[in-house]
Amino acid sequence: MTRFVLAMAICAIGVGTADAAATKGPPYLLEEGTWICATPEDYDQAIVEQEKTNGYPELMALKDRLLEAKSCMFVDDDDIEDMLAPFVTVVDRAGDKIKVEFWIEFYKKHAELHRAWSHVKFTGWTAEERLADYRPLGGL
């Protein structure tokens, strides 16, 4: 019974947040390889450091270092696939940077029929040019 109540509470929180986020503008997706950072300055620094990397191993080390420092995370195509509607919404602007929020679903398979899902809300700064309009399949 407590699991059911907890699940319903989580669903209610998610629905309330989705309704509030829908009023903040149209849904967007992030371009693959987008930095989401704690501040606009952290975003600029991540871009400068990324331009200094010489390939995949150095980029991976940079991603790990910035994530561990809790200043930036790197959104790749796997993260984009796991984003939940209303996808990415813009919640603030500062110059050419925007503050976005989005939910990503994570799951872990425990056994053949048992999985654990969790939904995590991310909020951070990125460049406005890193947004792409969301177009559902079959949409124009």
*Asks:* Can you see which heavy atom on Asn54 is nearest to which on Glu58, and at what distance?
*Replies:*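 Minimum heavy-atom contact is N-OE1, 2.9 Å.
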*Asks:* Are Met60 and Ile47 connected in the hydrophobic side-chain network, where two residues link if heavy atoms are under 4.5 Å apart?
*Replies:*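 Hydrophobic grouping puts Met60 apart from Ile47.
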*Asks:* To the nearest 0.5 angstrom, please state how far the CD atom of Glu128 sits from the NZ atom of Lys97.
*Replies:*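 Result: 10.5 Å between the selected atoms.
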*Asks:* Within the structure provided, determine whether Phe106 and Asp82 are in side-chain contact (heavy-atom separation under 4.5 Å).
*Replies:*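 Answer no - side chains too far apart.
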*Asks:* Could you grab the distance from atom CZ of Phe87 to atom CD1 of Ile104, nearest 0.5 Å is fine?
*Replies:*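 Here the interatomic distance stands at 12.0 Å.
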*Asks:* Any chance you could measure Glu32, atom CD, to Asp78, atom CG, to the nearest 0.5 Å?
*Replies:*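 So the gap between those two atoms works out to 8.5 Å.
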*Asks:* Taking C-beta and beyond as the side chain, do Leu29 and Val88 meet within less than 4.5 Å on heavy atoms?
*Replies:*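 Not in contact.
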*Asks:* If hydrophobic clusters are built by linking Ile, Leu, Val, Met, Phe, Trp and Tyr wherever their side-chain heavy atoms come under 4.5 Å apart, do Tyr43 and Val90 end up in the same one?
*Replies:*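 No, because Tyr43 and Val90 fall into different hydrophobic clusters, even though each may have its own neighbours under 4.5 Å.
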*Asks:* Of all the heavy-atom pairs spanning Ile36 and Val75, show the shortest one and how long it is.
*Replies:*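 Shortest heavy-atom contact: CG1-CG2, 3.6 Å.
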*Asks:* Carefully, step by step, assess Asp42 and Trp125 under the rule side-chain contact (heavy atoms from CB on, under 4.5 Å).
*Replies:* CA-CA 8 Å; Asp42 287 341; Trp125 292 90; over 6 Å; no
*Asks:* I need the minimum non-hydrogen distance between Leu131 and Glu31, along with the two atoms involved.
*Replies:*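 Looks like O-OE2, 4.1 Å.
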*Asks:* Is a side-chain N or O of Asp76 found less than 3.5 angstrom from the main chain of Asp79, in a donor-acceptor match?
*Replies:*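 Such a contact is found between Asp76 side chain and Asp79 backbone.
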*Asks:* Got a sec, which pairs hit ring-ring contact (aromatic ring centres under 6.0 Å, His included) with one end in residues 52-79, sequence neighbours left out?
*Replies:*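 Sorted result for residues 52-79: Trp35-Phe74.
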*Asks:* Just list the side-chain donor-acceptor pairs under 3.5 Å for residues 63-70, sequence neighbours left out, or say none.
*Replies:*
unit_1: Arg65; atom_1: NH2; unit_2: Glu49; atom_2: OE1; d: 2.1

*Asks:* What about Leu59 and Met73, same hydrophobic cluster or not, with Ile/Leu/Val/Met/Phe/Trp/Tyr joined at side-chain heavy-atom distances under 4.5 Å?
*Replies:*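 In one cluster with Leu59: Met73, no.
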*Asks:* Which atom pair, heavy atoms only, marks the closest approach of Phe102 to Met83?
*Replies:*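 Closest approach of Phe102 to Met83: CD1-CE, 3.8 Å.
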*Asks:* How many angstroms lie between atom CG of Asp77 and atom CG of Leu30, to the nearest 0.5 angstrom?
*Replies:*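 Nearest 0.5 Å value for the CG-CG distance: 12.5 Å.
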